[in-house]
Amino acid sequence: MARHPKLARIFGPGLITGAADDDPSGIATYSQAGAAYGFGQLWTIILCLPLMIAVQEACARIGAATSQGLVKVIGRLYSKQVLFVVVGLVVIANIINIGADFAAVGASLNLLIPLPIPVLSTIFMVIVLSLEIFIGYHTYAKFLKILALSLISYVVVALMVTTNWIEVIKATFIPQLQWSSAYWYVIVAILGTTISPYMFFWQTAEEVEEQNYSQQHNKSVRGISEIRQDTSIGMSISQIGSWFMIITAAVVLHENGVNNIGTAADAAKALEPLVEGFPHAGTLAKLLFALGVIGMGLLGIPVLAGSVAYAVSDAFGWREGLDYKLKQAKQFYGVIIFSTVMGWFITVIGIDPIKSLVFAAVINGLVAVPLIFLIAKISKNTAVMGALAGKKLSRIFLNIAFIVMFVCALMLVGTTLFS
């Protein structure tokens, strides 16, 4: 890949994975957090960022060290029962997430194009599948990197609507905790949509794709410093976008008495009558927010479906990879098609979008707990990782990530049972 400039070489799976983390499910979850609790959950962004970087960096190292996907590595080290439980949980969570994303994108498109949401969702599904199946990975990866720019729309909207930056900074660094199941449900949803299992599988697999491409074309393989830069920058961009989403929802929705939203598109629609400052500000803010949802859907849905395909293909030993043509990896692309169509079907049958979005995020939060435990074990295993085995700092943050996710899951269970 020497023909690429240095920045293009650094920006790879980490940037794409980080941006995909702010998919429509994430947008809805962050918007719901801002609508329900104002600035009260901004502190979760500071909590999540170092843990997110630690987990994703470990996944990238596993891919680079083993040249295998995460499921294949788990299958080498643990029993088939553990392997199939992991794959099953990821498949269920991702399909629910894909369905919720289609609903959010369809609703956002409906704000711009006066067609029924199911029709728009169907057209969008065909576009997404065509892009993922018929374009070569490295062409497609460039497209995904461009879509990461969609996150800028949330920065612009937040800057348009926010004036009380002192309160924003205070809430970002000083946690505001509540003892209620609703509060911890959203916290687990934020953690689940931020430190999300599909990201683990995607980044590991794409690091292998990058490595294989470099070897096939006699290019130098990315070093560990480039992988870490890519991961740190990608996750930081993701969390900056998430921070601005919560701020926008807090200012525009919560402060105007709107505490619940139906979809990410509802957040966009609510901006129009409430934004003040200059003529047509509300319309512009709505447009930017909606376009952000659509752009992140184009990025997030293929990543969700792709991570399912990598996990299932690893489990059954099928040929896998977006560099292969459809005829060369039929099972792999079959899983992509199946998971995407099943997600679309969830939208068509009319399941409540916001409930499925936040529920998917909560499921991700619960599923992430055992996965992070396994990633931490593999990451420090010198027999598997060789020179890329995790050092002390990596081990500390992976352990903290596991403890935080586990404690928050317990808090959700505890407040649900005893509040």
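Hydrogens, waters and symmetry mates are skipped; everything else that's a heavy atom, side chains included, is used. The model shown is predicted, which means the values in this text are computed figures rather than measured ones.
Side-chain contact check for Met342 versus Ile98: every heavy-atom pair is 4.5 Å or farther apart. The shortest distance between side-chain heavy atoms of Gln331 and Phe316 does not fall below 4.5 Å. A heavy-atom distance below 4.5 Å is found between the side chains of Ile237 and Ile233. Counting only heavy atoms from C-beta outward, the side chains of Ile123 and Leu109 never approach each other to under 4.5 Å. Counting heavy atoms from C-beta outward, Glu210 and Glu226 have side chains that stay 4.5 Å or more apart. You'll find the side chain of Ile396 reaches within 4.5 Å of the side chain of Ile400, heavy atoms only. The side-chain heavy atoms of Leu131 and Leu298, taken from C-beta on, include a pair separated by under 4.5 Å. Counting only heavy atoms from C-beta outward, the side chains of Ile227 and Glu207 approach each other to under 4.5 Å.
Note: Trp165 and Trp243 have tilted aromatic rings, judged against thresholds of 30 and 60 degrees for the angle between ring planes.
For the residue pair Ser121 / Trp344, no side-chain donor-acceptor distance below 3.5 Å is found, with atom types taken as modelled. Donor-acceptor pairing under 3.5 Å is lacking for the side chains of Ser339 and Asn94. Between the side chains of Tyr30 and Thr194, at least one donor-acceptor pair of N or O atoms lies under 3.5 Å.
Within a 6.0 Å sphere centred on CZ of Phe338, heavy atoms belonging to other residues, nucleotides or ligands number 12 at most.
Closest non-hydrogen pair, Ala171 versus Phe39, comes out as CB-O, 3.2 Å. In this structure, Met235 and Met52 approach most closely via the heavy-atom pair SD-CE, 3.5 Å. Heavy atoms only, all atoms of each residue included: Ile337 and Leu129 are closest at CA-CD2, 4.0 Å. Heavy atoms only, all atoms of each residue included: Tyr324 and Ala329 are closest at CB-CB, 3.9 Å. In plain terms, the two heavy atoms of Pro118 and Thr122 that are nearest each other are O-OG1, 2.7 Å. Between Ala309 and Ile336 the shortest heavy-atom distance is CB-CG1, 3.5 Å.
The structure places CE of Met125 at 10.5 Å from CD1 of Ile127, a figure rounded to the nearest 0.5 Å. With values rounded to the nearest 0.5 angstrom, Ile301 atom CD1 is found 5.0 Å from Asp101 atom CG. Distance check, rounded to the nearest 0.5 Å: CD1 of Ile174 to CG of Leu42 gives 12.0 Å. The structure places CZ of Phe173 at 12.5 Å from CG of Leu47, a figure rounded to the nearest 0.5 Å. Atom CZ of residue Phe84 and atom CD1 of residue Ile74 lie 12.0 Å apart, to the nearest 0.5 angstrom. Between atom CD1 of residue Ile247 and atom CD of residue Glu167 there is a gap of 12.0 Å, rounded to the nearest 0.5 Å.
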For this session: Go through the steps to decide whether Ile346 and Ile95 satisfy the test side chain to side chain contact (heavy atoms under 4.5 Å, CB included), and finish with yes or no.
Result: CA-CA 9 Å; Ile346 289 173; Ile95 288 176; 3.9 Å; yes

For this session: Dump the intermediate steps for side chain to side chain contact (heavy atoms under 4.5 Å, CB included) on Trp318 and Val335, then the final yes or no.
Result: CA-CA 11 Å; Trp318 296 336; Val335 176; 3.8 Å; yes

For this session: In sequence, state the C-alpha distance, the side-chain angles, and the governing distance for Phe402 and Ile375, and then conclude on side chain to side chain contact (heavy atoms under 4.5 Å, CB included).
Result: CA-CA 10 Å; Phe402 170 74; Ile375 289 166; over 6 Å; no

For this session: With side chain to side chain contact (heavy atoms under 4.5 Å, CB included) as the test, would you mind laying out the steps for Thr44 and Leu191 before giving the verdict?
Result: CA-CA 8 Å; Thr44 59; Leu191 288 168; 5.9 Å; no

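A donor-acceptor contact shorter than 3.5 Å is absent between the side chain of Gln239 and the backbone of Cys48. A donor-acceptor pair under 3.5 Å is absent between the side-chain atoms of Ser313 and the main chain of Tyr310, judged by distance alone. The main-chain N or O of Leu322 is found under 3.5 Å from a side-chain atom of Tyr333 such that the two form a donor-acceptor pair. With hydrogens and angles disregarded, a donor-acceptor distance shorter than 3.5 Å links the side chain of Ser180 to the backbone of Tyr183. Between the side chain of Thr204 and the backbone N or O of Cys59 there is at least one donor-acceptor pair closer than 3.5 Å. A donor-acceptor contact shorter than 3.5 Å links the side chain of Trp184 to the backbone of Gln178. A donor-acceptor pair under 3.5 Å is formed between the side chain of Ser130 and the backbone N or O of Val126.
Evaluated for a side-chain contact (heavy atoms from CB on, under 4.5 Å) with Ile195, the options Val369, Leu371, Ile372, Ile190 yield exactly one hit, Ile372. Considering Gln56, Gln203, Arg61, Glu57 in turn, Gln203 is the only one that fulfils the side chain to side chain donor-acceptor pair (under 3.5 Å) rule with Thr231.
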